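These notes concern the structure reproduced below.
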Amino acid sequence: MSDLLQVRHLSIEYASPRGIVKAVDDVTFSIGKGEIFGLAGESGCGKSTTAFGISRLLRHPAQISGGSVVLDGQELTTLSNDEFDKLRWSKISIVLQSAMNNLNPVLKISNQLIDAILAHDPSMGKEARQRAEQLMKLVDLPVDRLDSYPHELSGGMRQRVVIAMALALRPSLVIMDEPTTALDVVVQNGIIRKIVELQKEFGFSILFITHDLPLMLEMCGRIGIMYAGKLVEVASREQILQKPRHPYTQGLLNSFPSLSGPKQRLSGIPGHTPDLIRPPAGCRFCPRCSQAIQECQTLPPPLVEDAGGQIACHLYSEEGIAREQASAACERS
Amino acid sequence: MSKPLLHVNDLEKVFSSRTMFRKKQVRAVRDVSFTLEAGKVLAIVGESGSGKSTIARMLTNLIPATSGDIAYNGQSLRDNRQLRKKLPTFVQMIFQDPFAALNPHHTIGYIIGRPLQVHRMVQGNTRSRVLALLRKVGLTPEEDFIDKYPYQLSGGQKQRVIIAKVLGLEPKVIIADEPTSMLDVSIGIDIMNLLLDLKEKENLALLMITHNLGSARYMADHIAVMYAGQVMEYGPAEELIQNPQHPYTKLLLYSSPDPWREQADHFDLSDAQGQAVSESCCSFQPRCPFATDICKTKPAAAVQTDSGHQVRCHLYA
Amino acid sequence: MKKMLKACWNAFPGVKGKLGLVILLFFTVIALFGTWVAPYPKNFIGFDSWLPPSVSHWLGTDSYGQDVLSQMIYGTRTSFWVGILAGLITTVIGVTVGIVAGFKGGWIEESLMRIVDLFLIIPTLALMIILASFLPSMGTMSTILIIGSLSWLYMGRSIRSQTMSERQSGYVEAARMVGMKDWEIMFKEILPNITPVILANLVLVTTQAVLAEAGLSFLGLGDPTNVSWGTILALANANNAVLFHAWWWILPPGLAIAFFCFGFILIGNGILEKYRANRGNAAL
């Protein structure tokens with residue numbers, strides 16, 4: 001599978017009164033063509049900031065301080081704003097959690113959809129209306145809803161409109177930042193199934209961002225887990241379901257009460273997320289980690305690529321594995 | 001079977017808003033009955049607008065019920081000034097948003113201590129009692145926390161402060177209204193564990209209000225599933241999750257993400273929410289894939305099924 | 001002591017707030033110790049008229065032969081106290097009415113707000129003029145009372161709307177939940193959270209009070225035996241100071257009024273900026 005999006009050593013920081021906050025620190029991952037890639041983590045871990053960095057929605061004072069973002073062979077970080085605006089919607093579009101509340105309340109849905117289409121493809125002319133109708137059908141909304149105002153639609157319907165807008169110009173990458181978080185589960189389920197269905201039909205790639213790991217595990221092929229600005233693990237859905245490797249991933253999975261299987265006490269993760277202005281010297285998860293070894297306190301683990309994906313944890317470095325085997329051998333004898 | 005601490009019978013709440021020309025009425029809650037015993041947890045599950053938070057607010061007398069009866073320890077809340085006055089020491093509520101529920105201008109010590117003074121729960125030293133409460137909810141070293149202001153705490157710590165404040169009044173019933181929905185999951189599970197532990201230790205009755213079936217299963221002994229102000233299904237938690245009867249419960253279960261389960265049956269549903277439903281039919285009927293003619297003409301009544309659930313559905317009548 | 005002064009100094013945020021504090025301190029010192037500073041007794045007539053500024057009369061003399069600087073210093077005392085006291089009366093009434101109306105709602109709010117509306121449609125200055133000319137005179141005190149009791153209307157409204165939005169917050173519900181009495185919720189839970197709004201309003205009404213006093217005095221409705229910035233201006237106007245090019249008679253009271261108000265406004269802005277930064281929003 002060839003890569004559509006390559007994010008290399010991306011760092012994003014912003015200045016706060018107390019010092020510089022490294023919201024995203026040296027994040028590297030790639031998304032294949034036609035792949036649904038998930039980025040999960042808790043609040044403040046930098047997952048949304050990463051998405052904003054890729055789609056150039058960062059607001060002052062946040063700024064990209066290093067790294068590169070390559071979409072389809074084109075470097076995005078060096079483009080001028082005008083050049084980037086040409087790519088927006090046509091190559092890369094974004095659906096935000098709040099997007100459904102950001103529709104203009106005094107304009108009809110049809111006007112907003114057609115405006116979005118015409119703004120990027122003025123040659124469309126009268127066809128724009130037809131295209132808008134097609135889009136409505138695409139997301140299972142009745143065509144006559146085009147003549148409604150946003151407040152006449154439910155939250156789920158408005159989010160469908162936003163998704164239709166994002167797909168209007170057939171982008172190759174759609175970034176979805178918590179697109180269903182504010183919605184009820186039943187509505188969420190309908191929208192997620194629709195997204196997956198459309199993705200299969202048109203073959204665009206999705207960068208899906210949510211804190212809801214179970215939801216992500218249901219729909220994403222590959223998943224990256226972020227903690228305190230760092231990408232700690234990237235692995236396939238199956239791998240994470242069956243054998244999550246990073247202690248944080250394990251802890252996170254152990255925080256969601258399940259609906260199936262035996263009912264057992266979950267432990268969560270003790271402690272709280274570190275201060276990003278003065279992060280711990282070694283691994284950022286170290287203060288909360290139950291499996292921490294000596295290196296963890298002093299040496300930040302690098303993100304290494306291996307057979308199982310990418311992982312940043314000393315337990316899986318060569319020495320870590322050797323030590324584990326040794327201790328296992330000790331136990332046996 | 002122990003005597004129920006809380007007995008709710010046929011609770012109803014009608015919100016009416018009057019504009020210049022017409023009166024609009026919304027029946028937010030109707031025909032809700034349940035009991036809650038000491039040491040037990042009941043979870044009320046429903047989507048937004050299902051009326052679950054309205055029930056919590058009626059139980060704590062923040063808003064009056066339109067009709068029906070709420071009885072604590074056999075004493076009805078209606079026309080009982082005495083009981084209403086000391087209600088705070090009997091039932092307490094933990095709010096959804098720990099960030100808003102603490103007054104930013106008071107210290108933690110004041111926030112926890114003041115209710116104790118209001119209800120004369122302490123003789124002499126309030127501070128030592130507050131320290132003990134902080135210890136109880138795991139905010140240690142407690143001396144560090146007592147003089148802090150809310151903005152110096154994380155979300156999880158704020159929720160613990162709220163729990164400490166609630167515990168200070170030594171209530172018999174605690175209502176938790178989505179106590180973890182504003183928190184990160186790994187912190188939220190800690191809060192749920194804390195509530196479960198406290199329930200065991202203090203023999204509390206816990207009423208948990210949530211939209212998440214997973215947390216409901218994790219916490220509760222019994223689950224009530226609400227839709228449009230009515231309880232659609234009520235039963236023992238594990239039973240209800242493994243063997244749902246009402247189409248709405250099935251729909252909720254099917255929609256909740258759970259990658260660990262085996263693939264569920266395909267369940268087709270219509271997204272017809274928000275439709276006005278006349279009172280002469282089952283309120284779930286517009287979205288129900290199993291709806292028949294009778295569902296459109298007659299409201300469903302709650303019936304006891306063989307598996308021990310109460311189900312409000314014509315399919316089981 | 002040093003610590004306390006430092007705390008006071010820091011309570012006024014930003015360059016603006018501190019500049020405002022310096023201006024106000026200057027006026028406070030003059031108001032408190034003016035009698036010892038003033039070169040000549042109050043209303044002392046005995047110099048030549050229309051003397052321009054000189055070493056013996058820093059601000060010259062007026063048409064009656066009074067030393068303008070001395071009159072200004074005595075005038076500061078009156079204007080200062082009118083501003084502070086009338087501002088305080090206004091604030092107490094405005095805050096009480098605003099919080100009670102905003103928190104209680106229902107018929108209490110309705111009736112309080114209708115009273116406010118009733119007064120709002122009557123031009124306040126006109127009402128003050130009428131009251132000032134018909135009420136038995138109690139000197140400066142009656143000016144203070146008239147201004148104080150008529151300028152709380154806008155303040156009451158703004159405090160009410162702020163209270164209404166605070167009433168929705170979680171901590172108010174939490175306070176009701178634990179069974180706190182209404183007065184405690186209003187004045188111990190909500191009040192601290194709207195302090196910045198109250199302070200901002202206080203600044204505004206104090207400024208208005210000084211201006212209103214000047215206006216009333218200018219129209220000859222103040223206490224005739226007393227001197228204030230307004231009466232100095234009124235006299236200057238009545239005696240055609242402009243025609244005599246006696247700028248030293250007109251400018252000092254005008255500038256004093258402007259600077260006094262400016263100091264209050266600076267403090268208010270400083271506090272508001274800090275409040276906004278703390279809450280992270282631009283509403284207000």
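Since the model is a prediction, treat every value here as computed from it, not as a measurement. Naming convention: chains lettered A, B, ... in sequence-line order (proteins, then strands); numbering from 1 in each chain.
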Report task. Heavy atoms only: give me the nearest A/E218-B/D258 pair and the separation to one decimal. Result -> OE2-N, 3.2 Å

Query raised in the report: Do other residues, nucleotides or ligands put more than 12 heavy atoms under 6.0 Å from A/Y14 OH?
Result: no

Query raised in the report: So which of A/G268, A/G251, A/P214 has the biggest tally of heavy-atom pairs under 4.5 Å with chain B?
Result: A/P214

Query raised in the report: Got a donor-acceptor contact below 3.5 angstrom from the B/N193 side chain to the A/L266 backbone?
Result: yes

Report task. For each of B/G156, B/G188, B/A216, B/S186, tally heavy-atom pairs with chain A at distances under 4.5 Å, and name the one with the top tally. Result -> B/S186

Query - Rounded distance [0.5 Å steps], OG1 in A/T273 versus CD1 in B/I187 - result: 7.0 Å

Query - From OG (A/S255) to CG (B/L183), nearest 0.5 Å - result: 12.0 Å

Query raised in the report: Using non-hydrogen atoms and a limit below 4.5 Å, what part of residues 135-144 of chain A faces chain B?
Result: none

Requested in this report: Tell me, for B/D184 versus chain A, whether the close heavy atoms (under 4.5 Å) come from the side chain, the backbone, both or neither.
Outcome: both

Query raised in the report: Roughly how far apart are A/L252 CG and B/I189 CD1, rounded to 0.5 Å?
Result: 11.0 Å

Report summary line: Greatest number of non-hydrogen atom pairs under 4.5 angstrom with chain B, of A/Q188, A/R237, A/R265, falls to A/R265

Report summary line: Greatest number of non-hydrogen atom pairs under 4.5 angstrom with chain B, of A/L259, A/I269, A/V185, falls to A/L259

Query raised in the report: Do you know which two heavy atoms are closest between A/P270 and B/D190, and how far apart they sit?
Result: CA-OD2, 4.4 Å

Report summary line: Honestly, the part of A/R288 sitting under 4.5 Å from a heavy atom of chain B is side chain

Query - A/Q264 versus chain B, the contacting section by heavy-atom distance below 4.5 Å - result: backbone

Query raised in the report: What part of B/I241 lies closer than 4.5 angstrom to a heavy atom of chain A: side chain, backbone, both or neither?
Result: side chain

Requested in this report: Can you establish whether the number of heavy atoms outside B/K158 located under 6.0 Å from its atom NZ is more than 12?
Outcome: yes

Query raised in the report: chain B heavy atoms under 4.5 Å from A/S267: which part of the residue, side chain, backbone, both or neither?
Result: backbone

Query raised in the report: To the nearest 0.5 Å, what is the distance between CZ (B/R217) and OG (A/S260)?
Result: 7.0 Å

Query raised in the report: Knowing that exactly one of B/P257, B/P259, B/S256 qualifies, which makes a side-chain contact (heavy atoms from CB on, under 4.5 Å) with A/L215?
Result: B/P257

